[in-house]
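Values reported hereafter were calculated over all heavy atoms of this structure, with side chains retained and with hydrogens, waters and symmetry mates removed.
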Protein chains: 2
Amino acid sequence: MSSRATTRPGGRSARVQQSVHQAVRDLEAELGRDALTVPLIAARAGVTPSTVYRRWGDLRELLSDVAVERLRPDAPPADHGSLRADLEAWAVQFAEEMSSTAGRTYIRDALLGDPEQGNAARCSDYAAEQLKALGVRAAGRGEAVPDVETLLDVVVAPLMYRILFRPSDLSVAYTDHLVGVALGRSAPLSPR
Amino acid sequence: MSSRATTRPGGRSARVQQSVHQAVRDLEAELGRDALTVPLIAARAGVTPSTVYRRWGDLRELLSDVAVERLRPDAPPADHGSLRADLEAWAVQFAEEMSSTAGRTYIRDALLGDPEQGNAARCSDYAAEQLKALGVRAAGRGEAVPDVETLLDVVVAPLMYRILFRPSDLSVAYTDHLVGVALGRSAPLSPR
DNA sequence: CAGCCAGACGCAACTTCTTCGCATTAAGCT
DNA sequence: AGCTTAATGCGAAGAAGTTGCGTCTGGCTG
């Protein structure tokens, strides 16, 4: 029904999924997201539309699948020598990527998928994994580390809220402020 | 192009918009959100599909408009005698309403509209208004009041993050915890 | 108050998308 | 190698989305 539960990983199903996903990425780059249709994607992928409808149900689910893949971080967070520096760098990059036109589109597409299939949850898991990696590294240095839940509440959630609901009120200064709050070096109500 | 900028408030346009919105609400209750189509809505509203397409562009924009209207609070927040009680009650109700299947759908639909038209920003404004009303009332009692930005960061954003990305990790205990953090009575990393 | 103008609507034809049954093919298993 | 299961291709039928054109409503001017 989706990219999950591919019963035959090495077989034709896998190839079809791969070529369809690739077709989505290609066509999105060429024509823009709003021009995508199932028949168009299917033709580019070399399959029939009915195959896409059977496997993904509708365009939303397909785009949701592809969007989540794009939101997956491709590398562990960079090491800047201290938790504060690592967190700031990660948060700023996160905010920049997610608040771009493309980033917001991916997030919205990911949220559109069936909640039961967990595409949205996967987005959060990606951020949590990155934060956990930062924390483990900092703990190795002997630094005190807030737990991941706290970082999600204090840094990620406010960033995502602004990205989705108040895109004009996002800035590097605000991001740094959130990191400061998370590390206990400034009050939640300090200047923004 | 949308519910905004209705040039002739008392005229036919207004009646059409009203009947279309009502048709969306009725059909959504009867058939479920996924069964909605423009022709169906238009038939129920007594207009032709082309009218809907011309005024709203597509189904997404129409649903976005209707969703935002539903998210508008219908009354000022209840008065429970103290800021803490008011905030807790408001936050719990907010979380309950928004995390319901219908609530999540409304939020997702609202996010789907054209970002330039500010349907998403309006959602945030509604919450900000309610929080501001709470704050003004508490200040009238002589209580110290966190500013609205802080409450959005500490209470609303984490709630919304869980509603959208981690619906299974939302609880009244968590909501109360967030309110405690906002009022400075517990650390961000206390038990959840 | 009568007539004019701009904008919105209805109608209808057309295009595209979506769904469905059935035949075919590929993958996994013994 | 042969068999079973499941996914894909194909094509037709139905539904939805799109567009141009004529009509009508409502507001405005003289």
Side-chain angles (χ1 to χ4, degrees), chain A residues 1-24 26-28 30-66 109 112-114 117, chain B residues 1-28 30-66 105 109 112-114 117:
Chain A
M1 187 118 337
S2 177
S3 62
R4 289 155 294 296
T6 300
T7 43
R8 298 174 179 182
R12 184 168 60 165
S13 296
R15 285 197 304 277
V16 166
Q17 174 180 325
Q18 199 169 12
S19 70
V20 169
H21 277 211
Q22 189 60 47
V24 170
D26 292 348
L27 289 170
E28 188 170 355
E30 292 173 23
L31 308 175
R33 192 261 188 194
D34 289 339
L36 299 184
T37 66
V38 170
L40 193 66
I41 292 165
R44 173 66 65 101
V47 301
T48 63
S50 59
T51 296
V52 175
Y53 286 116
R54 267 190 289 257
R55 276 180 60 105
W56 282 276
D58 59 15
L59 183 60
R60 280 192 336 201
E61 283 297 331
L62 172 57
L63 293 183
S64 179
D65 269 14
V66 175
D109 283 342
L112 277 184
D114 182 359
Q117 289 196 333
Chain B
M1 189 126 328
S2 179
S3 63
R4 289 156 293 296
T6 299
T7 44
R8 298 174 181 182
R12 184 166 62 162
S13 297
R15 285 198 304 275
V16 167
Q17 173 180 327
Q18 199 168 14
S19 71
V20 169
H21 277 211
Q22 189 61 47
V24 170
R25 287 187 287 267
D26 291 349
L27 289 170
E28 187 170 356
E30 292 173 24
L31 307 175
R33 191 261 186 195
D34 289 338
L36 299 184
T37 67
V38 170
L40 194 65
I41 294 165
R44 173 67 65 101
V47 300
T48 64
S50 59
T51 295
V52 175
Y53 287 118
R54 267 190 284 260
R55 274 179 62 104
W56 282 276
D58 59 14
L59 183 60
R60 279 193 338 201
E61 283 296 332
L62 172 57
L63 293 183
S64 180
D65 267 15
V66 175
T105 302
D109 284 341
L112 275 185
D114 182 358
Q117 288 196 333

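The B/Arg15 side chain lies nearest to D/dT25 when the options are D/dT25, C/dA26, D/dG9. Side-chain atoms of A/Arg55 lie closest to D/dA7 of the nucleotides C/dC9, D/dG17, D/dA7. Side-chain proximity of A/Thr37 to C/dC17, D/dG17, C/dG10: nearest is C/dC17. Here the nucleotide nearest the side chain of B/Val47, chosen from C/dG10, C/dA8, D/dA16, is C/dG10. Of the candidate nucleotides D/dG26, C/dA26, C/dC9, C/dC9 has the atom lying nearest to any side-chain atom of B/Arg54.
The main-chain N or O of A/Leu36 is never found under 3.5 Å from a side-chain atom of A/Glu28 such that the two would form a donor-acceptor pair.
Listed pair A/Thr51 / D/dG9 meets the phosphate criterion, a side-chain N or O lying under 4.0 Å from OP1 or OP2. Phosphate contact (OP1/OP2 of D/dT18, side-chain N/O of B/Tyr53, threshold under 4.0 Å): absent. Taking 4.0 angstrom as the limit, A/Thr48 places none of its side-chain polar atoms (N or O) nearer than this to OP1 or OP2 of D/dT8.
Here B/Glu30 does not pair with B/Arg25 in a salt bridge; the nearest charged N to carboxylate O distance is not below 4.0 Å. A salt bridge is absent between A/Arg60 and A/Asp109: the closest approach of a Lys/Arg side-chain nitrogen to an acidic carboxylate oxygen does not fall below 4.0 angstrom.
One can place CD1 of A/Ile41 at 10 Å from P of C/dC17, the figure rounded to the nearest angstrom. In this structure, B/Arg60 atom CZ and D/dG17 atom P are separated by 13 Å, rounded to whole Å.
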